[in-house]
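Only one structure is covered here, and it is reproduced in the block below.
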Number of protein chains: 2
Amino acid sequence: MPDAYYLQLTEQLRYLITQHAAEWEGKLPSERALAERFSTTRVTLRQALAQLEGEGLIHRSNRRGWFISPARLMYDPTRDAGFNDYVRAQGRQPRTAVLKLETRPHLPAARALGLADNQPFHHIRRRRYVDDRAVLAESLWVVPECAPELLTIYTGQSLWGLLRERWGHHLANRSIHMVSEALSPMDAEELFVAPGTAGLNICRAILDEQRCPIEYDEEHWLHDSLCICVELSGQQ
Amino acid sequence: MPDAYYLQLTEQLRYLITQHAAEWEGKLPSERALAERFSTTRVTLRQALAQLEGEGLIHRSNRRGWFISPARLMYDPTRDAGFNDYVRAQGRQPRTAVLKLETRPHLPAARALGLADNQPFHHIRRRRYVDDRAVLAESLWVVPECAPELLTIYTGQSLWGLLRERWGHHLANRSIHMVSEALSPMDAEELFVAPGTAGLNICRAILDEQRCPIEYDEEHWLHDSLCICVELSGQQ
DNA sequence: TCCCGGCTTTGGTATAGACCAGAAGTCTGC
DNA sequence: GCAGACTTCTGGTCTATACCAAAGCCGGGA
């Protein structure tokens, strides 16, 4: 139906992928092999692959090749279930790597929480995996008074769980922003993907029941790795 | 800092755009002119433009050229404020074009609302504009019993307003799914953009307070045109 | 057995050109 | 003055080729 060759290629690849998913064990043949099979150049072939990448059907890992993307993770950013819990609840294997622990100011966090520009925060930078695929790079910015010794005790567990159980905070008010983005060189490197890969940016500002600021976090997801789901009951 | 030339180009273009936004009146010079200015080929230049497109800084319209993207629309899919209301509330000009009115079954709607596969729906297809830019193609699938003469009276107004005021429905339960996508050829054509342009797909299933199915809708947004915002109070 | 170095393959980047169809501007003839 | 035809310009698509750096494989030596 579509006239452009690369769009026909896209359809043929889509079919090939569904047919050979098992046989290929998730990894596509090399670009050169595919280009030859379809009697075209790598440039055109890559246009077709980029289409499928945009749809979330396939993704690439560094210089290792193209891979079939696993099912999207269902994720409700309005709930405070821990990452580990809801990943496991979907039959997947979660993993977290802590990349950095420090204390310093961060303007977006200060602005979002209504604090002074030079307000310092406990900063946790971590990378999270689903079934050994790095899908999320995130930064957490915690108001130090709310969790004084956080950086000395933190080892990758659920932050919200800690805030609730150890410091008794009630994460009552949340302001959530989501935008699509192109991953920055830093985020891309931390997720082992090419710079400019499509991502989803989720930011949360969290205050307690007295609207006292507790925490701000910035999440950078690979765009094909999640489906955001929100369930609401009762008229807003 | 980045070594790849197209990434340096990206930065230079980003700077150029902020400098000349007013002078250019929102439209960039032609690809050929830019490629010549930077002593490179259109292919490489287009790689840099694609980066900025991914970030949402610029977009293209059909074969007319590249344009600087306006600020993102703030949008809360959990509220039922009409499109016209919240667009105007942000000082922008909304517009709606009705593309199709028909009655027929639609499998995703039936599945999402828990109805039989062959359940017919009143279908409204419309395109929505912000400041004369088409940013949203959407399909609404309404259970006919909930709004019998809908198709004969509908002329582009707020559907949720109609459901509430004319038929007295209480849109109490909502299940919302959001995923990034590549726009299908049909959606892309309706929004006057190239096939495969990045988009954001939002689907809602809506039931009343007795969990009786009322409506299902599928929204396809240009990815750079909105920021999803959700405000929550009280522990979930 | 295991580590290390070299070779091969891979994707990432870039050049130089070409043709097409649609959009937009221009010019002509009524 | 205006509608319609023509020309120009634009992005969209495609070919053919090349080099690089990183990843991964393989084989040899400790």
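Just the heavy atoms: all of them, side chains too, but no hydrogens, waters or symmetry mates, feed the values below. Convention: sequence-line order gives letters A, B, ...; per-chain numbering from 1.
Computed from coordinates, the A:His59 NE2 to C:dG11 P distance equals 13 Å when rounded to whole Å. Between B:Gln8 atom CD and C:dT13 atom P the separation is 12 Å, expressed in whole Å. One atom, CG of B:Leu7, and another, C1' of C:dG12, lie 11 Å apart when rounded to the nearest Å. Atom pair A:Lys27:NZ and C:dT10:C1' shows a separation of 8 Å (rounding to whole Å applied). Between the CG atom of A:Leu34 and the C1' atom of C:dT9 there is a distance of 14 Å, rounded to whole Å. Between the C1' atom of D:dT10 and the CH2 atom of B:Trp66 lies a distance of 13 Å, rounded to the nearest Å.
Between the side chains of B:Arg111 and B:Tyr216, no donor-acceptor pair of N or O atoms lies under 3.5 Å. Side-chain atoms of B:Thr10 and B:Gln8 form no donor-acceptor pair, as typed in the model, at a separation below 3.5 Å. At a cut-off of 3.5 Å, with distance as the only test, no side-chain donor of B:Trp66 or B:Glu53 sits close to an acceptor on the other residue. Side chain to side chain, A:Thr96 and A:Arg126 fail the donor-acceptor criterion of an N or O pair below 3.5 Å.
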Which atom pairs link the protein and nucleotides 4-6 of chain D when you take only N or O atoms and keep those under 3.5 Å?
none

Can you tabulate the close N/O pairs, meaning under 3.5 Å, that link protein atoms to atoms of nucleotides 15-19 of chain D?
{"unit_1": "D:dT15", "atom_1": "OP2", "unit_2": "A:Thr40", "atom_2": "OG1", "d": "2.7"}
{"unit_1": "D:dT15", "atom_1": "OP2", "unit_2": "A:Thr44", "atom_2": "OG1", "d": "2.9"}

Between the protein and nucleotides 22-25 of chain D, which nitrogen or oxygen pairs are less than 3.5 angstrom apart?
{"unit_1": "D:dA22", "atom_1": "O4'", "unit_2": "A:Arg63", "atom_2": "NE", "d": "3.4"}
{"unit_1": "D:dA23", "atom_1": "OP1", "unit_2": "A:Asn62", "atom_2": "ND2", "d": "3.4"}
{"unit_1": "D:dG24", "atom_1": "OP1", "unit_2": "A:Arg64", "atom_2": "NH1", "d": "3.3"}

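A side-chain donor-acceptor contact under 3.5 Å links A:Arg204 to the backbone of A:Pro77. The main-chain N or O of A:Thr18 is never found under 3.5 Å from a side-chain atom of A:Tyr15 such that the two would form a donor-acceptor pair. Counting only distance, with no hydrogens or angles, the side chain of B:Asn201 and the backbone of B:Glu219 share a donor-acceptor pair below 3.5 Å. Although no hydrogens or angles enter the test, the distance criterion places a donor-acceptor pair under 3.5 Å between the side chain of A:His223 and the main chain of A:Gly54.
Shown here are the ring-ring contact (aromatic ring centres under 6.0 Å, His included) partners of B:Tyr75, two or more places apart in sequence or in another chain: B:Tyr86, B:Trp221. Residues satisfying the salt bridge (Lys or Arg N to Asp or Glu O under 4.0 Å) criterion with B:Arg64, sequence neighbours excluded, are absent altogether. Remark: A:His123 engages A:Trp141 in a ring-ring contact (aromatic ring centres under 6.0 Å, His included) (not counting sequence neighbours). Residues satisfying the salt bridge (Lys or Arg N to Asp or Glu O under 4.0 Å) criterion with A:Glu189, sequence neighbours excluded, are absent altogether. For A:Arg63, the salt bridge (Lys or Arg N to Asp or Glu O under 4.0 Å) criterion is met by no residue, not counting sequence neighbours.
Annotation: of the two residues near DNA chain C, B:Tyr6 and A:Leu28, the 5′-most nearest-nucleotide partner is A:Leu28.
Remark: B:Arg125 engages B:Glu190 in a salt bridge, criterion side-chain N to carboxylate O under 4.0 Å. Using a 4.0 Å cut-off between charged side-chain N and carboxylate O, A:Asp224 and A:Arg72 make no salt bridge.
A 4.5 Å side-chain heavy-atom check between A:Asp131 and A:Val87 finds every atom pair outside the cut-off.
Computed from C1' positions of five pairs at each end, the angle between the two local axes of the helix from C:dT1-D:dA30 to C:dC30-D:dG1 equals 10°, rounded to 10 degrees.
A heavy-atom distance below 4.0 Å to DNA chain C is reached by none of the residues of residues 187-194 of chain B. Of the residues in residues 45-54 of chain A, those with a non-hydrogen atom less than 4.0 angstrom from any atom of DNA chain C are A:Arg46.
Applying the ring pair (Phe, Tyr, Trp, His ring centres under 6.0 Å) test to residues at least two apart or on different chains, none of the pairs has a partner in residues 30-55 of chain A.
Atom CZ of residue A:Arg14 and atom CD of residue A:Glu11 lie 4.0 Å apart, to the nearest 0.5 angstrom.
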